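Positions are given from 1, in the same order as the sequence printed here. Ligands are counted one by one from 1 in listed order, and the atoms in each one are counted from 1 as well. These figures come from a predicted structure and were not determined experimentally.
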Amino acid sequence: MKTNYYDYIIVGSGIAGLYIALLAIERGSVLVLTKGSIDDCNTKYAQGGIAVAMGKDDSPELHFKDTIAAGDGLCDAEGVRILTEEAADCTADLIKFGVPFDTLDGEITLTREAAHSVPRIMHAGGDATGEHIEVTLSRQVRSTPIKVLENCLASEILVQKGRVVGATALDCNTGSVEEYSCKFLILATGGAGRLFKYTTNSDVVTGDGIALAFRAGAEISDMEFFQFHPTVLRLPGVASFLISEAVRGEGGILRNVEGHRFMPDYAAEAELATRDVVARSIVYEMKKTHSDRVFLDVTHLPSRLVTTRFPHIYRFCRDHGLDITKGLIPVAPAAHYLMGGVKVNSWGEANIPGLFAAGETACTGVHGANRLASNSLLESVVFSKRVVQRTGVASPPRHSEERSDEAISCSLPGREVLPKVPPLNLPNLQSLMWDKVGIIRSGKSLKEAASILATWESLLPQSGDRPSYEISNLVLCARLVTEAALLREESRGAHFRTDFPRTLRKWQRHISFRKDAIK
Ligand SMILES: Cc1cc2nc3c(=O)[nH]c(=O)nc-3n(C[C@H](O)[C@H](O)[C@H](O)COP(=O)(O)OP(=O)(O)OC[C@H]3O[C@@H](n4cnc5c(N)ncnc54)[C@H](O)[C@@H]3O)c2cc1C
């Protein structure tokens, strides 16, 4: 058991997990558990880039204002202040680690994305930012004494006398389960994008950290806010592939299947409106034209700009028979980013001593009801660094600092078990979530989903292998998303209900769930 002790155990090897590991190794022993290979994660798919106010017409204050505006009344202002003011320091760390951000004449080049007032997105390899970050950080990790266990799935958080003391993990190759103990357990397991039939997310992103934390007694917040990316390639037989926001930032135009440019009909900002507005407008246009897609048009842009600014997208489409400099790109929305997660304070601490969360798993409150594009890689580094700062002091202060935002805290409601439900499997779960808890929701669709999910939960067999752990974590996350969406009787940010289409002042508060909340 002694050999299984580490100062830090980090679950996950995306940007949050690897960046924390690289900072934490200066302060103690570090184990990274990751359930696939080191680079199986969402981070490597990030295209657009990472937001930081460094342009001559920009400032942290302006970045703060844009982030607050996108969050639709629910951002934690203190968190956003930290995010925007500490951005430059953390992105400088990435440069120091060797991430090759794109430059022109020795200066970092910045692009603009939807709902940012000015160009402020740093990118690498044009539209391959995440891949460069992941490759660079994992190379750095390999050159340190950080221990990385691949194909190792964290299966339970161990709590003793109210403090987190470690975790158990399944070796996915042998099926054996091992106990690991630590001073600090950091969940960096990403979001839960595999909940939905159409998703941009990697196979590994199944809400594990959120489910583990909930079962251990942690507070889970803002789960109703799931961001759907408006423009994901919709080519028959081709896996979901993101067409970055930056394509619209550079002048890409959305047209319905009849060729009409429709975004000016819905929003003054047209193609540069926030993601929820663009995603819903696309859904309305698809319904209106009886089609499962719309088109993104970049044929009017200089082809050299398209091929050099978006080489990754250009190559991917060309390899699937589409030259985007000449033809329209078929797109439709898909699940993309979870704003909610394990509720943490501004030092990444959850409500159980010893437990931290960072990256997409965490709910720091900086995204509110809707994330501003390119703020999630930034959130991952800014709040990860603060985790290490908090844990690095000789005796970390007691968990003191709570977020001051207004919240309703409740436990998951019990629901009647239905006599007959479709069999529980991944495709059925993903279709249910897409159809009933997706971009456009209603009380009726949410109630139907809630009953089926509760019934599935009651039928879950004991987990033994990776798929069975994942489905049980997904069902729990699906319940958290659905029950929060049912409770929130309004529309705000990424959460839209046809029976409550307006944003209401009384709902300017968060919903959080806790296993042991007082009913
Ligand atoms: C296609 C795409 C494009 C994007 N583009 C951008 C962008 O341009 N800018 C931006 O800011 N954001 C972007 N995002 C969002 C951003 O990439 C993610 O929010 C961010 O990378 C999350 O990093 P992370 O470290 O929290 O999680 P991830 O990178 O998803 O890593 C999660 C890790 O946890 C591991 N894991 C999960 N469960 C377990 C378990 N039980 N045990 C062990 N390991 C586990 C996984 O294997 C993985 O290593 C994009 C996302 C996608 C999907």
>> Does H312 form a ring pair (Phe, Tyr, Trp, His ring centres under 6.0 Å) with F316? I'd like the steps, not just the answer.
In response: CA-CA 6 Å; H312 188 50; F316 186 92; 7.3 Å; no
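The line from OH of Y45 to OG1 of T200 is 10.0 Å long, rounded to the nearest 0.5 Å.
Applying the salt bridge (charged side-chain N to carboxylate O under 4.0 Å, His left out) test to D7 and every residue at least two apart in sequence or in another chain returns nothing. With sequence neighbours left out, the side-chain contact (heavy atoms from CB on, under 4.5 Å) criterion links A335 to F196, T199, F226, F228. For T103, the side-chain contact (heavy atoms from CB on, under 4.5 Å) test picks out I108, with sequence neighbours left out.
Using a 4.0 Å cut-off between a side-chain N of Lys or Arg and a carboxylate O of Asp or Glu, E379 and R371 do not qualify as a salt bridge.
Ligand 1 lies under 4.0 Å from heavy atoms of V11, G12, S13, G14, I15, A16, L33, T34, K35, D40, C41, N42, T43, Y45, A46, Q47, G48, G49, C152, L153, A154, A188, T189, G190, T200, N201, V204, V205, D208, L242, H336, Y337, G359, E360, R371, S374, N375, S376, L377.
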